[in-house]
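The next block holds one structure in the form of structure tokens; read it before the comments.
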Protein chains: 2
Amino acid sequence: MANPMYRQIAEDLREQIESGKLRPGQQLQTELELREHYDASRNTVRDAIKWLTTRGLVETRPGQGTFVVQKMDPYVTTLTGDPRGPGGDITVTAQYGEAADDQPRGIEQRITSSTIPQVEIQQAPAEVAGPLRIAEGTQVISRHQKRYVNDTPWSLQTTFYPMGFVLQGANKLIEAVDIQPGTVSYLADTLGLRQVAYRDWITVRAPNATETQFFNLPQDGRIGVFEIFRTAFDQTGTPMRLTVSVYPTDRNQFVLNVGTMPDSASPAG
Amino acid sequence: MANPMYRQIAEDLREQIESGKLRPGQQLQTELELREHYDASRNTVRDAIKWLTTRGLVETRPGQGTFVVQKMDPYVTTLTGDPRGPGGDITVTAQYGEAADDQPRGIEQRITSSTIPQVEIQQAPAEVAGPLRIAEGTQVISRHQKRYVNDTPWSLQTTFYPMGFVLQGANKLIEAVDIQPGTVSYLADTLGLRQVAYRDWITVRAPNATETQFFNLPQDGRIGVFEIFRTAFDQTGTPMRLTVSVYPTDRNQFVLNVGTMPDSASPAG
DNA sequence: GGGTATTTGTCCGTATGTATT
DNA sequence: AAATACATACGGACAAATACC
């Protein structure tokens, strides 16, 4: 057996997909048809389809069939910005197309929105205590939001603040309302904390059940999520917040700029 | 059927793994043993194991058994640096542990090395032509390297330069040798091109066959790879190179700093 | 709403191949 | 060479989701 049969079937279908013979969104033959076509058992055909599914080339819909996946237009987020600005706010633009899209789609109109923050008092786990440089188990304020672009789920975001901020007068932090014009300027006004820098830590991991549901990711967990830890520092060099943002890897990209970029240098080149 | 049996088996094993009852590296019961334990068929047990495999919790070795995966210590790469420096060179440090590691491992000694560049003249595909702002199909120089940390595969890197650089006198670009002390200063010396800024574009995608082999990734493609496009700009704002680096997502993390970081702010906290 | 046909999902048993010890 | 363990492949049965009449 040079190559297992299910692999040969999978490669054959893969070629048809990548050559464009099978177009995005198009339905494949049913398992029974493929079974006849390749003279294999249904389970072997299913193994081939599973192989393609793991690679993100096709998706199966119970009761309907198997379809070539439609690649979404990715959301592009710029991570570098004014360190004194609201670190959570980031721009979303379109990228230049990877392939055969005739119409130049340019910058698409996109509107971001967030849910009302869900506020909790928690004991800081290691991942939170470490960046904030506090002892594990210390109480922290956690403000959690779901974020949408054009009403479709975009990211899950949780920001952690030291509990002391509230005791020192930043009462709004424990209220389940949006803080306008932003927590960065709110903390500057109430506590005199100026955000002068931040550090982003970018990782990829498998999604948990909550994330799988919110982002409508495939059940089998083959699509990972970016997990970005943003630690912001005040003028004394002390961490003042930790924002953890989660984005699916299949439809998000990130850009960072270092140095003085020329004016014309837009991602869309 | 509230939950399919294979899911129940998988969840049970998952709990044992995450609770630490099954330790990293430890061998699970064989399929036949699990078959007896859960009173299911071997195929159903295999479905459960496949579910765990897709999530990166276990790995199977033919002829040996099924094992709880060992999480590698991640490589952490800082993306922000001096925009005038050699953009390809980045530091690698250890992170603070996610969980119960008693010994503070601090900064581990790591040595990076690269293969001799593999040099080619290519016609720029869209992904290269776009960032370099040249027409698709224009000739470019491609310099490809494999990079290692402590002799283990770390990243695959390809840098593209406009063909004109050679015609203007930067002959070394088409030689299959390392350019010392770096191409950035070489281009500054020969062509007067000063790198004043760069932009990184971070994406995640499925690995191709070459990458799967080089990084020794699982065949089923469930582990993605970071693909980072670094476009560097000269003093006139013209793109002078595009470096594409590929890293497996399961053992690489990235850090970026914005603003003036306090001295003590190291990733290891 | 109900019923039926279609399609994928789950589960079983069995046989044989391949890799490792 | 033999034993063990996972990989591939087959065939069959029923369940669940969807679409359509």
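So you know, we letter chains A, B, ... as the sequences are listed, proteins then strands, and number each from 1. Hydrogens, waters and symmetry mates play no part in the numbers below; they use all other heavy atoms, side chains included.
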Can a side chain N or O of B:R61 be found less than 4.0 Å away from OP1 or OP2 on C:dT20?
-> no
Is the shortest side-chain N/O distance from A:Q64 to OP1 or OP2 of D:dA17 below 4.0 Å?
-> no
State whether A:S41 places a side-chain N or O below 4.0 Å from either non-bridging phosphate oxygen (OP1 or OP2) of D:dC10.
-> yes
From the list A:Q145, A:K146, A:R147, side chain to side chain donor-acceptor pair (under 3.5 Å) partner of A:S155 resolves to A:R147
To the nearest 0.5 Å, what is the distance between CZ (A:R14) and CD (A:E11)?
-> 5.0 Å
Less than 4.5 Å apart, any side-chain heavy atom of B:S142 and any of B:V119?
-> no
Examine D:dC6: is either OP1 or OP2 under 4.0 Å from a nitrogen or oxygen in the side chain of B:T66? Give yes or no.
-> yes
Just compare C:dT10, C:dG9, C:dC12 and give me whichever is closest to any side-chain atom of A:P62.
-> C:dG9
Within less than 4.0 Å of OP1 or OP2 of C:dT7, is there a side-chain N or O belonging to A:T60?
-> no
Taking the six-membered ring of A:F67, is the NZ or CZ of A:R61 close enough (under 6.0 Å from the centre) and on axis enough (within 45°)?
-> yes
Over 60° means perpendicular and under 30° means parallel, so classify the ring planes of B:F226 and A:F226, tilted if in between.
-> tilted
In residues 26-35 of chain A, which ones come under 4.0 Å of DNA chain C, going by heavy atoms?
-> A:T30, A:E31
Side chain of A:Y6: nearest nucleotide among C:dC12, D:dG11, D:dA9?
-> D:dA9
Counting only Watson-Crick or G-U wobble pairs whose two distances fall under 3.5 Å, which nucleotide matches D:dA1?
-> none
Can you check whether A:R42 has a side-chain N or O nearer than 4.0 Å to OP1 or OP2 of D:dC10?
-> no
Look at B:R42 together with B:E33 and state whether they make a salt bridge at an N to O cut-off of under 4.0 Å.
-> no
